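This report concerns only the one structure given below.
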Protein chains: 2
Amino acid sequence: MGAAPSVNLASETEMTEDPTHTAAGGPGARAPLTRERIVEAAVRLMDEEGLAAVTMRRVGRAVGVEAMSLYHHVRDKDDLLDGVVDHVMRGFPFPAEPGPSSEDLAAYGRAVAHAWRRTLRAHPAVVELLARRGRSARSAALLRPVEVALWTLRRMGLSPPDAARAFHVIGSYVMGSVVLETGRISAAEGGGGATGHDLPPDAFPQVLEALSYLDADDPDERFDFGLDLMIEAIRTLAGRSREPERDVGTSNATR
Amino acid sequence: MGAAPSVNLASETEMTEDPTHTAAGGPGARAPLTRERIVEAAVRLMDEEGLAAVTMRRVGRAVGVEAMSLYHHVRDKDDLLDGVVDHVMRGFPFPAEPGPSSEDLAAYGRAVAHAWRRTLRAHPAVVELLARRGRSARSAALLRPVEVALWTLRRMGLSPPDAARAFHVIGSYVMGSVVLETGRISAAEGGGGATGHDLPPDAFPQVLEALSYLDADDPDERFDFGLDLMIEAIRTLAGRSREPERDVGTSNATR
DNA sequence: ACCTGAACACCGTTCAAGT
DNA sequence: ACCTGAACACCGTTCAAGT
């Protein structure tokens, strides 16, 4: 994998060592080390090799510096990981503003859920980071998409407590689906044979049958199957808890 | 929990060092080191201090032995972690067999979901283990509860592919709710003030309001809110996909 | 058969020292 | 102001050696 030399002709596939020279191109001049460059290297490492590969020493190597130098730009490793979550959430693909109709809002709700799913699937390890440190990782970049999701649920007609609950339910589903899919808990091994270590082949007939269906399914369609189910339930719930919903506002200020 | 020594008078609080003497009680004689004793120590460590505390060296210390000795009973750390998942799943609290009515089956489905939730909440780190190594951790102890869940969905009238999908949807929800709750992604800090580092206090009004509701909610009730929603949707779906369901069997052979 | 000391290549983090 | 060498207390794992 090699240390990407001065002249910039390397394609950008797989270069874990990136000494990132200045635009001037002087072969010895380094771009100054910044928190952002460090965080980006950490994200790349996380996505390519998993959270365990994100060590101070390896991140240092990736930006062409000794590990100890990183401490001038991040407080410690936890701070670096907060930066990682923040960086990923800053890439959240906000969908275009919805129209006012109930159908528009439902479609927008679906789109927001899809944006969450897309963000998390692109960086599955952030689910683990959120699980471990949800409390500390509350940056604006993270809260903005949360605010949008809640705002949508309110506009769909849910009362404040119901919107909070619905957010938690759908959020659990989105998180969980990413966990199951990245752990490939549903996927079969290689052939159709033994799925575990040395299981009696017919001890789990339902599991065997289900695995074949789950493997054949498109994950996105399967996700929508569950999501639509929840969106429909929310619209029903909205009918019940509807009140003169005037003070939610009609434009999304935090976007 | 606890080292269950010869004479049973030790209270079982917090003894991480457990030299576990033999039944004979000779103060120098050790109970033989077994895979099971090692796995139990690892589970205890995981529950009390998190997955990061489960190191070969600390597990060794917990069972009164040097780290290298563990390799006589587990192949490596991955094998130990497989053992941890297996041990936890062997504790799955299977609910009592359901009656034949649609209501009985729905209640049984709810009970199975609760058993999953209870198991995972008692050992939240296994969600992470399943996510990282779902494919390799397929022991009989893990597949048995999966088989029961699938079997229940089939008895409720779902076709095989729909049962697989419904399992995935509900499974995602169960997993995700544990992730969100153990990460306390929904809980507020201490007072009612700033929830993040230094957020403009009114940048996220929906988030602020939702947090107060989520904190006030009973997590179990909130979970049931989403679960009932899915169970109802399944019963509707079952009405659509119903066929002469004769070969599912009426007793659960894998229990 | 079971346990261990010493060793190797890794971790995160600190601190005095270099430019 | 920014980077580093050396050090400390940790990791997982191997292997020859002890009982």
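Letters go in sequence order (proteins before strands), and every chain restarts at 1. Keep in mind that this is a model prediction, so the values were computed, not measured.
- A straight line from CG of Leu70(B) to C1' of dA1(C) spans 16 Å, rounded to a whole angstrom.
- Pairing of dA9(D), defined by two Watson-Crick or G-U wobble distances under 3.5 Å, is not identified with any nucleotide.
- Going from atom CE of Met56(B) over to atom C1' of dC11(C) covers 17 Å, rounded to whole Å.
- Rounded to whole Å, atom P of dC3(D) lies 12 Å from atom CD of Glu66(A).
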Between Arg118(A) and Phe92(A), does a side-chain contact (heavy atoms from CB on, under 4.5 Å) hold up when you go through it step by step?
CA-CA 9 Å; Arg118(A) 181 127 69 95; Phe92(A) 188 90; over 6 Å; no

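- Atom CZ of Arg90(B) is surrounded by more than 12 heavy atoms from other residues, nucleotides or ligands within 6.0 Å.
- Among dC3(C), dT13(C), dA7(C), the nucleotide with an atom closest to any side-chain atom of Arg57(B) is dA7(C).
- With both pairing distances under 3.5 Å, dA16(D) is matched to dT4(C) as a Watson-Crick or G-U wobble pair.
- Closest approach to the Thr55(A) side chain among dG5(D), dT4(C), dC11(C) is made by dC11(C) (side chain taken as heavy atoms from C-beta onward).
- Closest of all the heavy-atom pairs between Arg165(B) and Leu214(A) is N-CD2, 4.3 Å.
- Looking at heavy atoms from C-beta onward, His168(A) lies out of side-chain contact with Asp217(B) at the 4.5 angstrom threshold.
- Between the C1' atom of dG5(D) and the CE atom of Met68(A) lies a distance of 7 Å, rounded to the nearest Å.
- Judged by atom type and distance alone, His72(A) reaches the base of dC3(D) through a side-chain donor-acceptor pair under 3.5 Å.
- In this structure, Leu51(A) places its CG atom 14 Å from P of dC11(C), rounding to the nearest Å.
- Whole-Å rounding puts the Lys77(A) NZ to dC11(C) C1' distance at 8 Å.
- As rounded to whole Å, 16 Å separates atom C1' of dC11(C) from atom CZ of Arg58(B).
- Listed for the Tyr173(A) side chain is a donor-acceptor partner under 3.5 Å among the backbone atoms of Phe223(A).
- Residue Ser69(B) has no polar side-chain atom (N or O) positioned under 4.0 Å from OP1 or OP2 of dC2(C).
- A straight line from CD1 of Ile38(A) to C1' of dG12(C) spans 15 Å, rounded to a whole angstrom.
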